[in-house]
Amino acid sequence: MTGLDFKNLKRKKTPFYFYDIELLRETLATVKTEADRYGYHVHYALKANANDRILSEILKYGFGADCVSGNEVITAAAAGFKSSSIVLAGVGKSDDEIKAALENNVFCFNCESLQELHVINDIAVSMGKKANIAFRINPNVDAHTHHYITTGINISKFGILEEDLPEMIATVQALPALTFVGIHFHIGSQITDLEVFKELCLAINLLQEKYFTDSALFPTFVNVGGGLGVDYKDPHTEPIPPFGTYFAIFNQYLKLQPGQEVHFELGRSLVANCGALITKVLYTKKSSHKHFLILDAGMTELIRPALYQAEHQIQNITRMNAPLEQVYDVVGPICESSDCFGTDINLPLSNRGDLVAIHSAGAYGEVMSSQYNLRTKVKSYYSDTMGDRIIPICAGQERIN
Ligand SMILES: *Cc1c(COP(=O)(O)O)cnc(C)c1O
């Protein structure tokens with residue numbers, strides 16, 4: 001075990017994001033191997049992390065890009081993703097975003113409403129282009145995850161309800177610039193109960209039988225979305241999510257028509273665990289009921305705890321071998337009470353100046369950062385240029401404690 005002293009990390013101005021590139025590569029290689037077993041196609045959901053360095057690694061494994069804005073399409077194309085592997089999704093595509101996607105000749109639009117079909121058709125006609133269309137269907141499957149990241153139930157703003165499919169089908173066939181190519185589902189994020197994906201498969205099978213067996217309306221692919229969760233509580237024991245089990249569920253339960261491809265849009269599961277937010281203790285503060293650790297990073301660098309009550313593992317990496325003898329509320333400096341990374345966290349007795357790692361910040365961390373309170377955007381560093389690694393080192397600490 002080398003680098004327990006985090007020599008290089010300690011020299012950098014905090015806070016910053018730290019990415020373990022070796023772990024990212026191992027994760028990507030696992031996804032590739034497990035998806036290739038069944039000939040599955042994986043598109044990376046850029047919204048999880050659109051950092052250039054991360055995108056360049058993901059590109060090397062031959063994945064496509066799943067985009068939810070015009071700027072994501074432009075970023076994916078600039079990063080080198082082939083236009084034939086870029087998809088534009090999103091419940092509210094603006095005219096400019098649709099134009100940007102058509103200009104970049106994206107592979108497909110995942111459409112979510114009748115009006116959207118008309119708008120894409122009109123813009124495509126005016127540009128002399130054709131647009132491939134997939135329907136994002138709401139299969140009414142509950143993802144059993146936080147309600148802010150559940151998207152596939154009937155009261156959600158996302159997707160097309162089954163009752164609206166006949167009109168969508170008639171419309172896509174009637175509009176001259178549109179070509180129907182596939183069906184798309186995305187039921188939520190941070191899904192750890194894998195039974196949910198079996199339910200999704202069964203729902204898709206019923207919908208295919210009912211609406212999509214006509215050869216005039218053949219979905220060349222079934223896109224089952226993303227949503228595979230990661231272990232935020234203990235990201236070090238198995239830092240790579242269970243991709244083998246995950247893909248095997250689709251292979252077992254999803255009924256395909258001859259010639260159909262299966263597409264996935266994974267975001268979080270590819271990048272969450274390779275990233276950490278490294279921050280410093282500014283102050284330790286004791287009140288009658290609580291001990292606080294006040295950090296120099298806050299919800300501006302990692303908003304997930306404030307936004308979804310998410311829990312990330314927190315470690316004092318200055319005191320790796322010390323007993324966890326003090327209970328702290330770990331908070332940021334932002335003027336919001338929700339700016340709190342965790343309550344009642346067992347940590348070593350900590351001091352001003354100690355370095356703290358907030359783990360699994362690789363997804364929906366940097367990309368959701370803001371300049372609220374007019375804070376400065378923080379830097380990112382990478383294990384391969386820095387020497388330090390976060391994952392094996394922390395695995396070591398767990399054995400020590
Ligand atoms: C967010 C999103 C994804 C990625 O979700 P993860 O949980 O990060 O895998 C995939 N598809 C769509 C349409 C999304 O909105």
Side-chain angles (χ1 to χ4, degrees), residues 24 27-28 31 34-35 40-51 54-55 58 63-69 71-73 76 85-93 97 101 106-113 116 133-139 141 143-153 156-160 182-194 196-197 200 204 221-232 240-243 246-247 250 262-275 303-304 307-308 310 360-368:
L24 175 63
T27 307
L28 298 171
V31 176
E34 298 298 337
Y40 290 165
H41 298 259
V42 174
H43 290 81
Y44 170 61
L46 252 80
K47 77 170 196 267
N49 188 324
N51 166 315
I54 302 288
L55 290 184
I58 289 171
F63 301 130
D66 173 57
C67 301
V68 290
S69 72
N71 285 344
E72 283 189 3
V73 169
S85 77
I86 300 177
V87 172
L88 178 62
V91 69
K93 302 172 189 77
E97 291 176 320
V106 298
F107 166 61
C108 174
F109 292 83
N110 292 342
C111 286
E112 309 209 11
S113 72
E116 189 190 333
I133 301 293
F135 290 165
R136 172 166 180 180
I137 304 171
N138 181 331
V141 171
H144 302 300
T145 180
H146 191 277
H147 59 283
Y148 279 8
I149 47 178
T150 294
T151 59
I153 54 173
S156 165
K157 72 173 175 179
F158 297 104
I160 303 156
I183 49 178
H184 169 236
F185 304 83
H186 175 72
I187 54 172
S189 199
Q190 183 52 20
I191 297 169
T192 49
D193 174 3
L194 297 188
V196 166
F197 293 112
L200 172 63
I204 295 174
F221 62 83
V222 179
N223 182 334
V224 296
L228 177 63
V230 303
D231 189 346
Y232 281 102
I240 300 179
F243 294 109
Y246 171 72
F247 290 123
F250 290 91
V262 184
H263 294 192
F264 290 81
E265 302 167 338
L266 294 168
R268 182 193 315 272
S269 53
L270 269 51
V271 294
N273 281 344
C274 78
I303 201 175
R304 297 192 65 259
L307 192 58
Y308 319 118
S360 313
Y364 307 107
E366 182 176 354
V367 80
M368 279 188 162

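Both counts, for ligands and for their atoms, begin at 1 and track the order of listing. What you see below is based on every heavy atom in this structure, not just the backbone, and it leaves out hydrogens, waters and symmetry mates.
Side-chain atoms of Gln190 come within 3.5 Å of backbone N or O of Val230 as a donor-acceptor pair. A donor-acceptor pair under 3.5 Å is formed between the side chain of Asn49 and the backbone N or O of Gly362. Proximity of a side-chain donor or acceptor of Arg136 to a complementary backbone N or O of His186 within less than 3.5 Å is detected.
A tilted orientation is assigned to the rings of Phe107 and His263, their planes being inclined by 30° to 60°.
Taking the six-membered ring wherever Trp is involved, the centroid distance between the rings of Phe264 and Phe250 falls below 6.0 Å.
Within ligand 1, the atoms closer than 4.0 Å to a non-hydrogen atom of Asp66 are 10 (C), 11 (N), 12 (C), numbered from 1 in the order shown. Every atom of ligand 1 is numbered from 1 in the order shown, and the set under 4.0 Å from a heavy atom of Gly226 is 9 (O), 10 (C). Using a 4.0 Å cut-off to heavy atoms of Arg136, the atoms of ligand 1 that qualify are 13 (C).
Between Lys93 and Phe109, some side-chain heavy-atom pair lies under the 4.5 Å cut-off. Within the 4.5 Å cutoff, the side chain of Ile191 has no heavy atoms near those of the Tyr246 side chain.
Here His186 has side-chain heavy atoms under 4.0 Å from ligand 1, and that is the only part of it that gets that close. At a heavy-atom distance under 4.0 Å, only side-chain atoms of Ala45, from C-beta outward, approach ligand 1.
Of the protein's heavy atoms, Glu265 OE1, 3.4 Å lies nearest to atom 12 (C) of ligand 1. Here the protein heavy atom with the shortest distance to atom 8 (O) of ligand 1 is Tyr364 OH, 2.6 Å. The protein non-hydrogen atom at the shortest distance from atom 7 (O) of ligand 1 is Ser189 OG, 2.3 Å.
The closest approach between a heavy atom of Gly227 and any atom of ligand 1 is below 4.0 Å. Under the 4.0 angstrom criterion for non-hydrogen atoms, Phe158 is not in contact with ligand 1.
Between Lys47 and ligand 1, at least one N/O pair is under 3.5 Å apart. Among the atoms of Arg268, some N or O lies under 3.5 angstrom from an N or O of ligand 1.
Of the listed residues (Ile58, Thr27, Val367, Leu266), just one forms a side chain to side chain contact (heavy atoms under 4.5 Å, CB included) with Val271, and that residue is Ile58.
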